[in-house]
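The structure displayed is predicted, hence computed values, not measured ones. First listed ligand is number 1; within each ligand, the first listed atom is number 1.
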Amino acid sequence: MPALVLLGAQWGDEGKGKATDLLGGSVDYVVRYQGGNNAGHTVVVGDQKYALHLLPSGILSPGCTPVIGNGVVVDPSVLLSELSGLNERGVDTSKLLISGNAHIITPYNVTVDKVTERFLGKRKIGTTGRGIGPTYADKINRVGIRVQDLYDESILTQKVEAALDIKNQVLTKLYNRRAIAVGQVVDELLGYAAQIEQYVADTVLVLNQALEADKVVLFEGGQGTLLDIDHGTYPFVTSSNPTAGGACTGAGVGPTKISRVIGILKAYTTRVGAGPFPTELFDEDGEALRRIGGERGVTTGRDRRCGWFDAVIARYATRVNGLTDFFLTKLDVLTGWEQIPVCVAYEIDGKRVEELPYSQTDFHHAKPVYEMLPGWSEDISKAKTFADLPKNAQSYVKSLEELSGAPISAIGVGPGRDETIEINSFI
Ligand code: GDP
Ligand code: IMO
Ligand code: MG
């Protein structure tokens, strides 16, 4: 019963989409377990480039059943347009399964996300504006709308009424906006019901039966460890659990079933939106990483903040996720630097600190302590084995492995499926 979790080890955009797609050919199910269309995963297959937001990246592998688990928040309009976009390009999406317990991102959740950010002003989180936080808030407040509610008009109406009761007070009295009409929301949601019905399933049962039957299941995280609501740089986080435990709650699979946890780790660091980022660069090196790495958000088009590799964060990701392996991505982007700084520890108020401080204030004060590693200038994009890499690239990878606390089992040297060095097999 091989069950693998694949998740981001930094602040998202590590290359999870490419890694999932790569493994997609050898797995039976790929399951999204949290987040929603705040994710943006670019997958390059041959000369075709796909941008996925809500659908699991395994949807591009014909033999694989894509699953949207109960922990995901689903915007039905995004779902349908992503499906029709793929269908137009000849991708068969008919095997998709969606949990009836997944929560729906309603139009009012999107409105609340946007007005809240505007209201926060300088203190804003820099969310993707997709309604993610407000939808999870409704779930926790027990006024959420679930996929299954689309199939009972009377329950749906009661639930939308309950959800809008307080929200309309806040929208009109605090934010000076117009109230949202219950009937309009219900009509819009009912309009999606028939189009989605064929995909709705008891995904918990399906996945557990698949594991019993020795099928290979891959759980694909959105976002990343440092964006986790519990373990990330709160409050500058997303509103779900991208960390490994989230795969269990977000898909309904027990922790004893998980056999491997793979952390996707970029050879440098990026972040989108607000929040602390110790190795962030504001100079030409940061600009070069952004340019060479194509570091622009797939979802919002925002430039990503860029910085050197941070081993303190990688060690932390190993610990909170129980990582068994790393998949190191974008090593090719570092080609051409004479020396590459790697952050091995922080200095906080004059003291050297080896591990991520639990206090938000300390983390805001953390200054990177760098070690300089020798760079390489040879093109590595055609490398197929570890031995094909220049000696300095090999020692960069080995240093990152030692500093981060788990074996690096694959290395990305380009965006394409085949631009990967596989060291240990994952399945
Ligand atoms: P995700 O959100 O974790 O799936 O990552 P994104 O798709 O948002 O960002 C990763 C970007 O890096 C995408 O444009 C990928 O095509 C690209 N990419 C992934 N792996 C590699 C790699 O090894 N080398 C290079 N040059 N690009 C890569
Ligand atoms: P993938 O899956 C990078 C960030 C947003 C913001 C914070 C909260 O492509 O790695 P939200 O809309 O989730 O409430 O925003 O989280 N964020 C991401 N950053 N990659 C992502 O997804 C992200 N999804 C959310 O920029 O700082
Ligand atoms: Mg992304």
Pull out every atom of ligand 1 sitting under 4.0 Å from any heavy atom of [X], numbered as shown with elements.
X	result
Gly40	1 (P), 2 (O), 6 (P), 7 (O), 8 (O)
Val298	8 (O)
Gly17	4 (O)
Gly412	23 (O)

Is it the case that ligand 1 has an N or O less than 3.5 angstrom from some N or O of Thr329? no

Heavy-atom distances under 4.0 Å decide this one: backbone, side chain, both or neither, for [X] against ligand 1?
X	answer
Arg304	side chain
Asp332	side chain
Lys18	side chain

To which protein heavy atom is [atom] closest, and what is the distance rounded to 0.1 Å?
atom	value
atom 16 (O) of ligand 2	Leu227 CD2, 3.7 Å
atom 3 (C) of ligand 2	Asp13 OD2, 3.2 Å
atom 13 (O) of ligand 2	Thr238 OG1, 2.6 Å
atom 7 (C) of ligand 2	Val237 O, 3.8 Å
atom 27 (O) of ligand 2	Val272 O, 3.1 Å
atom 25 (C) of ligand 2	Gln223 CG, 3.7 Å
atom 26 (O) of ligand 2	Arg302 NH2, 3.0 Å
atom 15 (O) of ligand 2	Thr127 CA, 3.3 Å

Examine the proximity of ligand 2 to [X] and report which part, side chain or backbone, both or neither, has a heavy atom under 4.0 Å away.
X	answer
Lys16	side chain
His41	side chain
Phe236	neither

Check your understanding: Is it true that a side-chain atom of Gln339 and a backbone atom of Met372 form a donor plus acceptor pair closer than 3.5 Å?
Key -> no

- Check for a donor-acceptor pair, side chain of Asp113 on one end and backbone N or O of Arg130 on the other, with a separation under 3.5 Å. yes

Exercise for the section: Give yes or no for whether the N/O distance cutoff of 3.5 Å, strictly under, is met between Thr128 and ligand 2. Expected result: yes

Legend entry - Sub-4.0 Å heavy-atom approach of Ser239 to ligand 2: no

**Item:** Test item, Gly126 contacting ligand 2 (heavy atom, 4.0 angstrom)
**Value:** yes

Between Tyr175 and Phe119, what is the ring plane arrangement, given parallel below 30°, perpendicular above 60°, and tilted in between? perpendicular

* Which word best sums up how the rings of Phe327 and Phe426 line up, parallel for under 30°, tilted for 30 to 60°, or perpendicular for over 60°? -> parallel

Any Gly12 heavy atom less than 4.0 Å to ligand 1: no

Heavy-atom proximity to atom 18 (N) of ligand 1, picking from Arg417, Lys330, Arg296, points to Lys330

> Counting backbone and side-chain atoms alike, does Val298 have an N/O/S atom under 2.8 Å from the Mg ion (ligand 3)?
Replying inline: no

